[in-house]
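Notes follow the structure.
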Amino acid sequence: MILKDKTTITFYNGLTTIGGPMIEVAYGHDHVLFDLGEVYRPELALPDENYRTLIQNQLIGDVANFYDPKITGVVLDTERWQHAGAYLSHLHLDHSKALNLIAPEIPVFAGPLTAKMLPILNAAGDFLLPAAGRQSSYTRPITAVEPGETVRVGQISLEVWSSDHDAYGATGLIVTTPDREVAYTGDIRLHGYHPDWVKQFLTRAQHSDVLITEATGYSWPEEAASKDDQEFQGPKSETELTAEVVELQKANPNRQITFNTYPTNVERLLQIMANSPRTVVLHAKRAQLLKQLGKDAYYYYLPREEKISELNPKLAIPYSQLLQDKHEYLWQVVDDFASLQPGGLYLHSNAEPLGDFDPSYAPFVQQFKELEIEFRALRCSGHADQKELAEIIELVQPPTLIPVHTLHPELVENPFGKRILPKRKQTITL
Ligand SMILES: [Zn+2]
């Protein structure tokens, strides 16, 4: 009797944490791994980010036959595994930081913007974990896969789809083996700039046997309940957020207004730049990031900062002019907060520090109080809330649902079939 191969899925990490999913799909002698991030837990205050430390603290998955043997000390079993490939869905560190740990001979695939931006973001060597024997600024090669295109890893194929999240160029994935199909959302939402892309991807996923979805929105059940009785204020979509930034400028014609956003949320920044009545001025480093993506922006240098040669000098605004301004500029502040005008307004739009869970957040907010500057958090989540997740699941109607990337996977229901709540390191045979 010949035993037929069966598709298996192994869940290595990121099941009951927000971020860091590491999942392997295997068939016969072929296997693929996604995503490649590190769980973000600044409160652990770890002494280092070495491989062993990350494994011991469950910040990355204890995955065999994918990591570089120079890092693990264990050779890849190429008899057992003839073809291997890895994929990362988007730029956020909880999905990308361990990219350089993947063995150099294993191809890594990502959408085109993700593939382009990761080396740029890591140019200073402070974004990704370092590759063995390389400078920290090194980023291993990534193969860009155009949305809608398919790449093969032995008998497994990977189909990359455009999606929407607060990371520029985020994608979703369909994994097809000879006997099964698995859809993986990456991080996803319906209230961003491209709900149409998300719906196209989910419509394609209707053929899948399994939907692995992020379910961040189920992590805080009490907060979600209070959202219904209007305690929750602030923008509900990216479009509303941009509108609020514009409104605040109109409502404060004679006041210094500064802001900051998260670097990988390029689209939000472009929208703010395109719609603001004031001239938007970026710190030179952020302007450089946009320049590398083919976009020009006004920019400034902090005192004693080195000039960046690729930036157009005609777009430079003197820092002293920004410090004195009350009506012409909306500018990105990144440091030297004590030089801002008392009575000013600062918009913190999902910039770092990100929130209460980061020990540096409270002192960051407090400094504005002491400087008599109004601090306003203007957030818009990168993740579907519970209502949107129900809509996502309804669109796909998956025979099997596997929620990951959430503090409460047990709260996510599948009215259309089975639901599996895997344990860390558990393998499921489909
Ligand atoms: Zn993300």
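Keep in mind that this is a model prediction, so the values were computed, not measured. Reckoned from all heavy atoms, side chains included, excluding hydrogens, waters and symmetry mates. Order of appearance sets the numbers: ligands from 1, and atoms from 1 within every ligand.
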Report task. Would you please classify the geometry between the His31 ring and the Trp81 ring as parallel, tilted or perpendicular, with 30° and 60° separating the classes? Result -> parallel

Report task. Quick one: give me the number of protein N/O/S atoms under 2.8 Å from the Zn ion (ligand 1). Result -> 4

Query raised in the report: If you count the non-hydrogen atoms of other residues, nucleotides and ligands that lie under 6.0 Å from CD in Glu105, is the total more than 12?
Result: yes

Report task. Can you establish whether the number of heavy atoms outside Arg419 located under 6.0 Å from its atom CZ is more than 12? Result -> yes

Report task. Measure the CZ-CG distance between Arg80 and Asn65 for me, rounded to the nearest 0.5 Å. Result -> 9.0 Å

Report task. Would you mind reporting whether His95 and His405 have side-chain heavy atoms less than 4.5 Å apart? Result -> yes

Please table the atom pairs, donor to acceptor, closer than 3.5 Å between any side-chain atom in residues 96-103 and protein atoms at least two apart or in another chain.
unit_1: Ser96; atom_1: OG; unit_2: Leu91; atom_2: O; d: 3.0
unit_1: Ser96; atom_1: OG; unit_2: His92; atom_2: O; d: 3.0
unit_1: Lys97; atom_1: NZ; unit_2: Glu49; atom_2: OE1; d: 3.4
unit_1: Lys97; atom_1: NZ; unit_2: Glu49; atom_2: OE2; d: 2.8
unit_1: Asn100; atom_1: OD1; unit_2: Arg140; atom_2: N; d: 2.9
unit_1: Asn100; atom_1: ND2; unit_2: Leu129; atom_2: O; d: 2.9
unit_1: Asn100; atom_1: ND2; unit_2: Tyr138; atom_2: O; d: 3.1

